[in-house]
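Taking it in order: structure first as structure tokens, then the write-up.
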Amino acid sequence: MKNTVILGAMTIAGLAAGAAAAGTLDDVKARGKLNCGVTTGLVGFAAPDANGEWKGFDVAVCRAVAAAVLGDSTAVEFVPTTGKTRFTALASGEIDMLARNTTWTFSRDVDLKFEFTGVNYYDGQGFMVPKELGVSSAKELDGATVCIQTGTTTELNLADFFRSNNISYEPVPIETNAEAQQQYLAGACDVYTTDASGLAATRATFDAPDAHVLLPEIISKEPLGPLVRHGDHEWGDVVRWTLNALVTAEELGVTSANLSEMAAGTNNPEINRLLGTEGTLGEMLGLSADWGKNALAAGGNYGEVFAKNIGEDTPIGLARGLNAQWTQGGLLYSPPFR
Amino acid sequence: MSDKTTQQIAFVAEGMIPESPPPAREAGAYKWVRENLFSSIPNSILTLAALALIYSLLSNVLPWLLNGVWTTSSLAECREVLEGKAGACFSVLTERWHQLLYGFKYPTDQYWRPNLALLLLLIALAPVLFFDLPRRLLAFTAVYPFLAFWLIWGGSILVPIVALLGFVAAGVVFQKYGKSSFAAGFFGAIVAALVIWKLGGLLIPDAASDNAMLSSVPSRDLGGFMLNMMLGVTCVSLSVPLGIALALGRQSSMPFIKWICVVFIEFVRGVPLITLLFVASVMLSYFFPPDATVDLFLRVVIMITLFSAAYIAEVIRGGLAALPTGQYEAADSLGLDYPQAMRLIILPQALKISIPGIVNVAVGLFKDTTLVSVISMFDMVGMIRGPILASTEWNGVYWELLGFAAALFFVVCYGISQYSQWLERRLATGHR
Amino acid sequence: MSTLTDPPKEQFRLSMLVNDTRYRSLTFQAIAALVLALAIWYLGNNLLQNLRAAGLNISYDFLGNSAGYDINQRLIEYDNQDSHGRAALVGILNTLLVAFLACITATIFGVIAGVLRLSNNWLVSKLMAVYVEVFRNIPVLIWIIIIFTIMTAVMPGPREFRGAEPTASMLFDLFAFTNRGVYTPMPVFGNGFFASTALNWLVVLAVLAGSFFVMRRVEAKATATQEETGERPKTLLIALAVWIIPFALLMLAMGLTWEVPELKGFNFKGGIKIGGPLIALWFALSIYTGAFIAENVRAGIQAISKGQSEAAAALGLRPSRTMNLVVLPQALRVIIPPLISNFLNITKNSSLAIAVGYADITATLGGITLNQTGRAIECVLLLMLFYLTASLIISMVMNVYNSSVKLKER
């Protein structure tokens, strides 16, 4: 990278035109790094820890893709984005993929020209209230002041919910999760609303998490997933099938513990195809044969990633619920690897 | 009466009466207090009100400050230690100071690099700010930007060297041809610099940065107070030349050039910085060639530079207007052409008058660099609002963090504005 | 680059265009125009290519679509089915509201602090110096966040007003200061002349304006009498009568009652609500800009030569009249130009509303609308257009006022 900052500024027209306008996959390989857009900080999904290391569920998806493409799960440049900047960052090519608890909606897919490559978390918008308020249903929230984190589909769902139930509310739109929390804890709003997973993650950081309850209503469908630019299908396939590989691995019982053993070859042809010991799936994607193995080596299969970052043993404590495998009553269903 | 005149006066003072001390109420602390605090009833009321205000502030803040806890590792632990007493959890500062100052990504073992860059910055700035220092020090100032770039970003030392060489070449060409014709020298210099950069860009191997002496740090990893400082220093120093050009353009007799400059200056001064930052974060990428990626730091530098250039242009325009017309006429009568007159007569004087104003713009701009937190850059305020307050351990620590940020900014900005006032006083005497 | 330095092709003028000062400026302007055109072409071309590559287009149709989100603080009717355009309008009005309020209070803070800083009282003048330095040297964004945090963390929540032994209570049972905002009683017209509240308020305004004009006549007459006889007739009683009687009669006729805020359900209901974000932003902007205005006021007063106030004292004017009639009118001329730029700064800094969740234009058009529609370029352009227009109008108005103050000089 010789077009570094100062030189780049001075010779924008001349030097900066470095890489040819090839596909994103080639760009990433040439660069040796994956630029992955994440949120600016939501514990459990993507947040830097005390050492500045990004950790979380969305982060794990980025790492898996980096491992699949480059064979190195640390070859990721995490680009923090806000609700405002995320789509421009993706559209303008600043990031190669966006894994930022982004809801798959029609207009984002069609009008904004993005391609959602699957769902890594099935979520829905919920409400959190202090226990002392004695509220047991969102329909009792007539006249309440509601804190919303802006830049999501949250505002729209909220407006729709209150409108359809014919009750009123006062919105307090807040930019960052940390500030919304502060408002909520200080009692400047009665209710905090965002995706149920986000609520759980937020509640986990409270002093007294037990003093707050999540209301039973889930007022929207929020399929969160990674997305890429429209039109670059090779790259879209890579991200899609990396995600599918994580899901399939869980279904087939491939974990980070038995990965090297299984990669030596098994009786199950699908596992063999997934791990590259049989067939040419990697070649079809334009990747090395062991791409699936690398992706799984990054953080384990879907279940392991879930358990490590947001599962019931973590402070966030989310149950699998909708995000269980289809064989166990959930919605996770990966197309077959063949 | 008559007695007196007829009688002989029996007493003539033979010596001075010794000085007696003034009455107690006219001396010492009592006098000072009476005159300065209780000279009249309204004044006494004001004094008492002020005392009450100070007392209420101190009585709230002091226990909090003095009870501060410095060694815990999370807010919950800190509250446990305090046991409900009023007290600050300064441990968030001791635990996260490096994040507040350098952002969360800058390699910990490389902190000496920005520190050294800051130290050198002071040395480089000294000859610019204090006229008495030997002028030869300016040579270091000229080299400093490249040195600082290399220190902070690391990577191959060839990159800043090529950049520096480009400027040197431009300077040489200008020296050679600029004497006879300003335009020839000017455009020649630009061409020379471009040629050097292009050649240098081709010569530096792609892998040069991989195992360089200083490991390379991408600009995305910059953060904290360091980011504020860097944005402030870079943008102000880049915008001074641009501001001079704009100010001269606005004074120009050529209508088209004047028109461009006026429109640009008024446009930039009419919109808030935050909209320009939105441009940098969501719009600017669309204006670069499709295959070029310009990172956010650079885009923000471009927009803030344009922003401060407009303000500096107005300050310099004031400086130009403050010069007596005689100076322009004297330059003309000496037969100097426009570039010569500007370079040798007008600008040295106008810039000298403008320096306090430029310093004020710089302070304002430095404060405004905190706005980058709104576009998801992790400057000091961004670090506080984002990663630190969102973390499980420190969720809910506001006063300590905001107070620390405020104190840091206060120290820097107050220092600079004191300098500006000192300079103003000095320049004011210089002109009488 | 080399093509740019090529002069136009007329042979016999070639040297003149470079060397002759009469024509050289034409050359430079031509070059500048060319460079500008090239730059615009280059940027525009990039934009078009990028948009085409991303499959996007520039269109302002989204302004007519239903916005779908709610806004808590609004001056005009708005609900989530209204268009993005109307949401932007709500935002514009909110920006203007906070800018207007902050300009007034910042001026008040600034004048008080500036005058007190010159006070003989050592303690007070030092205190004001500390105020000015502390507020001027810390970024406004930090102040906004600090004051907003104070608002929410220190003020009581509505919950604390409830129960048998509430920890907070309403002031005079009329005003409620909560961390969600301040609730004050609202005047309601029981039998107004019109069905619409706005029209009724217009009537009130018209009556007040009438009183104002009558008072001006009375004052003018008093001044005329003073100039003739040297004695100023007392106008205080007349003034009271002119201001109060028509107003009181009108209020009686319209059946004025007060709607007092009451704690119902989650919030206070009724009365006027001034939202917490508005108060925080308003106060932060006022107190921050007030520090700058204080410095301008101090400089303005100090710029007036001491001889002026001494002359006034020699004429026998009391200190307050010296200030009002001699010092301030002259100081105003020094104060107003920087005051204009401070007002412009307030307007522009009000865009930081985004940090406290106040629904100004940056938060509606440049925030939620931008997020929901993804139309970044259009939204940012409209946003800049609005601020540009607002700035130009403010500086125009203030410049007119400035020149009117100036004219009085001779």
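Remember, it's a predicted structure, so these values are computed and weren't measured experimentally. Values reported hereafter were calculated over all heavy atoms of this structure, with side chains retained and with hydrogens, waters and symmetry mates removed. Convention: sequence-line order gives letters A, B, ...; per-chain numbering from 1.
The line from CD1 of B:Ile54 to CG of C:Leu127 is 5.0 Å long, rounded to the nearest 0.5 Å. Note that CH2 of C:Trp143 and CG of B:Leu402 are 10.0 Å apart. Values are rounded to the nearest 0.5 Å. With rounding to the nearest 0.5 angstrom, the CD1 atom of B:Ile45 is 11.5 Å from the CG atom of C:Asn121. Atom CG of C:Leu141 sits about 12.0 Å away from atom NZ of B:Lys367, to the nearest 0.5 Å. Put simply, CZ on B:Phe409 and CG on C:Asn137 are 11.5 Å apart, with the number rounded to the nearest 0.5 Å.
Across every non-hydrogen atom of C:Ala32 and B:Phe256, the tightest pair is C-CE2, 4.0 Å. Residue C:Tyr387 comes nearest to B:Pro272 through the heavy atom pair CG-CD, 3.3 Å, listed as atom of the first residue, atom of the second, then distance. Closest of all the heavy-atom pairs between C:Asn50 and B:Tyr286 is ND2-O, 2.6 Å. Residues C:Ile354 and B:Phe278 approach most closely at CD1-CZ, 4.0 Å, considering heavy atoms. Closest heavy-atom contact between C:Gln29 and B:Pro255: NE2-CD, 3.5 Å. For the residue pair B:Ala405 and C:Ile142, the shortest heavy atom distance occurs at CB-CD1, 3.9 Å.
By the 4.5 Å heavy-atom criterion applied to side chains, C:Met384 and B:Leu276 are counted as neighbours. Side-chain contact between B:Cys413 and C:Arg136: absent, with no pair of heavy atoms (C-beta onward) separated by less than 4.5 Å. Looking only at side-chain heavy atoms (C-beta outward), C:Ile145 and B:Tyr398 stay at 4.5 Å or farther from each other. A 4.5 Å side-chain heavy-atom check between B:Thr275 and C:Ser351 finds every atom pair outside the cut-off. Taking 4.5 Å as the limit, some side-chain heavy atom of B:Met283 sits within range of a side-chain heavy atom of C:Leu381. Within the 4.5 Å cutoff, no side-chain heavy atoms of B:Val271 are placed close to those of C:Phe386.
For B:Leu273, no part lies near chain C; criterion is any non-hydrogen pair under 4.5 Å. Using a 4.5 Å cut-off between heavy atoms, C:Ile150 touches chain B through backbone and side chain atoms alike. Interface remark: C:Phe135 contributes no atoms to any contact with chain B (heavy atom separation under 4.5 Å). With a threshold of 4.5 angstrom between heavy atoms, B:Val381 approaches chain C through side-chain atoms but not through N, CA, C or O. Neither the backbone nor the side chain of B:Ser252 comes within less than 4.5 Å of any heavy atom in chain C. Proximity to chain C (any heavy atom under 4.5 Å) is restricted, for B:Val374, to the side chain, taken from C-beta onward. With a 4.5 Å cut-off on non-hydrogen atoms, C:Ile394 does not touch chain B at all. When heavy atoms are compared at a cutoff of 4.5 Å, C:Ala390 does not approach chain B at all. For chain C, the nearby part of B:Leu53 is the side chain; its heavy atoms alone come within less than 4.5 Å. Of the two parts of B:Ile274, only the side chain, counted from C-beta on, holds a non-hydrogen atom closer than 4.5 Å to a non-hydrogen atom of chain C. In this structure, no portion of C:Leu344 lies under 4.5 Å from any heavy atom of chain B. Residue B:Leu408: no heavy atom, backbone or side chain, is found under 4.5 Å from chain C.
Within a 6.0 Å sphere centred on CD1 of B:Ile41, heavy atoms belonging to other residues, nucleotides or ligands number 12 at most.
Here B:Thr47 is the residue among B:Thr47, B:Val363, B:Val282, B:Asp368 with the most heavy-atom pairs under 4.5 Å with chain C. Among B:Phe366, B:Phe287, B:Tyr338, B:Trp32, the residue with the largest count of heavy-atom pairs under 4.5 Å with chain C is B:Phe287. The choice from C:Leu352, C:Leu51, C:Val140 that makes the most heavy-atom pairs within less than 4.5 Å of chain B is C:Leu352.
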Which is it for B:Trp399 and C:Ile146 under the side chain to side chain contact (heavy atoms under 4.5 Å, CB included) test, yes or no, and what are the steps along the way? CA-CA 8 Å; B:Trp399 307 114; C:Ile146 287 181; 4.2 Å; yes
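A donor-acceptor distance shorter than 3.5 angstrom exists from the side chain of C:Lys348 to the backbone of B:Arg269, with no hydrogens or angles considered.
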